[in-house]
Amino acid sequence: MAVMSLKIPVWGLFALLLTCAFPHPVSARTIVVPSPEAKNITAAMTLARPGDTVTVKDGVYRENGILVAPGILFTAQNLFKAVLDGRGKGTVVTMASGAVISGFEIRNGTIGILSEAAQTVIRQCRVIHNTQSGVMCVGALPKMEDNFIVYNKGSGVQGWDVRTTSGSINHNTIAYNANHGISLGGNTSITIENNIIAFNDQFGVKPAEETVRVELVNNNFYQNARISTNLPSDNISADPLFIDAKRFNFNLLKESRCIGMGTDNQNLGARILH
């Protein structure tokens, strides 16, 4: 009986072997909430895999204890139109390693956002009316950028046992909190840059321990109840001149000294026009 031989060029055989040994990764996908696939945020996070995006449509979501899965981009479809409401019961959002949260209003929890993992990102969020801290971080400091962290009954940002230097606090508006603007404990070095930290009831920035080394670069500290240190010369203390803070309009009047004063020549505070 004749035996059929299959001739494969050497380069083709090599490519076949590579394909078998290293299969192509599954493409990242977007999961929309609500949708037939995921009726709520918890269902979406169960389906999501690292690299996926979970996008939330406009509305008020009263799901307690939302866990943003590792490596997930968790984003509002429209800025501040998707509201995560904790109903006064515990932490609203907890961040897993490498997770990113963007665009939400996060309110009415005991803690707005809790980050205990490495390399998390919090950006373009409005964190308000939480009964303790707006953002609490333990062990690792997130990258926080372009957030409004305001009107919380504890500190705006509270850090416990912070021991990593991978995070940053840059271009945030942290104001009208009932304790400190930023309070950090642990053993770390952190640069706080281009923020507006104003009208907080205690310190603007409070290093809780001598082992926390804080570099203040181009911030505006104004009418916080206490000043923890003499401000470096590149920081200012001036009324930021918010357009209407009571209605969450933290855009700046044209007379504000915060306009164009950032190290990047952009406005101090969150760079969001709304």
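No hydrogens, no waters, no symmetry mates; every other heavy atom, side chains included, goes into these values.
Contact check for Val100 versus Val68: no side-chain heavy atoms found under the 4.5 Å cut-off. Residues Asn130 and Thr110 have side chains not in contact (no heavy-atom distance under 4.5 Å, counting atoms from C-beta outward). You'll find the side chain of Ile31 stays beyond 4.5 Å of the side chain of Thr55, heavy atoms only. Looking at heavy atoms from C-beta onward, Val54 lies out of side-chain contact with Leu73 at the 4.5 angstrom threshold. No side-chain heavy atom of Arg213 sits under 4.5 Å from any side-chain heavy atom of Ile190. For the pair Asp201/Asn177, no side-chain contact is recorded, criterion being any heavy-atom separation below 4.5 Å from C-beta on. Contact check for Asn147 versus Ile122: side-chain heavy atoms found under the 4.5 Å cut-off. For the pair Leu84/Arg107, no side-chain contact is recorded, criterion being any heavy-atom separation below 4.5 Å from C-beta on.
Linking ILVMFWY residues whenever their side-chain heavy atoms come closer than 4.5 Å, directly or via other members, leaves Leu67 and Phe104 in distinct clusters. Connection of Phe250 to Leu79 is established within a shared hydrophobic cluster, with ILVMFWY side chains joined at heavy-atom distances below 4.5 Å, either directly or through further cluster members.
Other residues sharing the hydrophobic cluster of Leu114, ordered by chain and number and joined by side-chain separations under 4.5 Å: Ile111, Met136, Val138, Trp160. Hydrophobic cluster membership for Ile243: Leu241, Leu253 (Ile, Leu, Val, Met, Phe, Trp, Tyr linked by side-chain heavy atoms under 4.5 Å, directly or transitively).
Asn220 contributes no side-chain N or O that, together with a main-chain N or O of Ile197, makes up a donor-acceptor pair within less than 3.5 Å. His171 places no side-chain N or O within donor-acceptor distance of the main-chain N or O of Asp146, the cut-off being under 3.5 Å. Under the 3.5 Å distance criterion, the side-chain polar atoms of Thr211 are matched with a main-chain donor or acceptor of Gly186. Between the His180 side chain and the Val205 main chain, no donor and acceptor come within less than 3.5 Å of each other. With hydrogens and angles disregarded, no donor-acceptor distance shorter than 3.5 Å links the side chain of Asn219 to the backbone of Leu216. Distance alone, capped at 3.5 Å, is enough to place a donor-acceptor pair between the Asn152 side chain and the Val127 backbone. Side-chain atoms of Ser237 come within 3.5 Å of backbone atoms of Phe221 as a donor-acceptor pair (strictly under, hydrogens ignored).
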How far apart are the C-alpha atoms of Arg163 and Thr188, what are their side-chain angles, what is the distance that settles it, and do they pass the side chain to side chain contact (heavy atoms under 4.5 Å, CB included) test?
CA-CA 5 Å; Arg163 296 184 178 276; Thr188 189; 5.7 Å; no
Where do Asp264 and Arg271 land on the salt bridge (Lys or Arg N to Asp or Glu O under 4.0 Å) test, with the steps shown first?
CA-CA 11 Å; Asp264 50 9; Arg271 297 163 294 184; 3.3 Å; yes
Criterion salt bridge (Lys or Arg N to Asp or Glu O under 4.0 Å) on Arg29 and Glu37, from CA distance to verdict
CA-CA 12 Å; Arg29 60 175 179 155; Glu37 182 181 24; 2.6 Å; yes
Derivation of the side-chain hydrogen bond (donor to acceptor under 3.5 Å, both in side chains) call for Ser183 and Ser155:
CA-CA 7 Å; Ser183 178; Ser155 295; 5.1 Å; no
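Salt-bridge check for Arg123 with Glu145: failed, with every basic side-chain N at 4.0 Å or more from each acidic carboxylate O. Under a 4.0 Å N-O distance rule, the pair Asp244/Lys246 does not qualify as a salt bridge.
Checking each of Ile196, Ile272, Thr173, Leu252 against Asn267 for a side-chain contact (heavy atoms from CB on, under 4.5 Å) leaves exactly one that passes, namely Leu252. Shown are Val33, Ile41, Thr53; of these, the side-chain contact (heavy atoms from CB on, under 4.5 Å) with Phe74 is made only by Ile41. Ile101 pairs with exactly one of Ile66, Ile106, Val121 by the side-chain contact (heavy atoms from CB on, under 4.5 Å) rule, that one being Ile106.
Between Asn249 and Asn251, the closest heavy-atom pair is OD1-N, 3.1 Å. Listed here is the closest heavy atom pair of Gly112 and Val92: O-CB, 3.3 Å. Gly51 approaches Ala28 most closely through the heavy-atom pair O-CB, 3.2 Å. The minimum heavy-atom distance linking Ile72 with Arg49 is given by the pair CD1-O, 2.9 Å. Across all their heavy atoms, Met45 and Ala69 have their closest contact at SD-N, 3.7 Å. Nearest approach of Thr120 to Met95, heavy atoms of both residues: CG2-CB, 3.9 Å.
Ring centroid separation for the pair Phe248 and Tyr151 comes in under the 6.0 Å cut-off.
Judged by the 6.0 Å distance and 45° axis criteria, Arg126 is not positioned over the aromatic ring of Phe148.
Separation of atoms CG (Asn195) and CD1 (Ile169) is listed at 7.0 Å; rounding is to 0.5 Å. With rounding to the nearest 0.5 Å, the separation of OG in Ser168 from CE in Met144 is 8.0 Å. In this structure, the separation between CG on Asn108 and OG1 on Thr131 is 9.0 Å, given to the nearest 0.5 Å. Within the model, atoms OG of Ser189 and CG of Leu141 stand 11.5 Å from one another, a figure rounded to the nearest 0.5 Å. Rounding to the nearest 0.5 Å gives a distance of 6.5 Å between CE of Met261 and CG of Leu268. Here the straight-line distance linking atom NZ of Lys57 with atom CG of Asn78 works out to 11.0 Å at 0.5 Å rounding.
Atom CD of Glu63 is surrounded by more than 12 heavy atoms from other residues, nucleotides or ligands within 6.0 Å.
For the 3.5 Å distance criterion, the side chains of Asn194 and Asn218 fail to qualify, holding no donor opposite an acceptor.
In this structure, Tyr222 and Phe199 have perpendicular ring planes: the angle between them is above 60°, well past the 30° mark.
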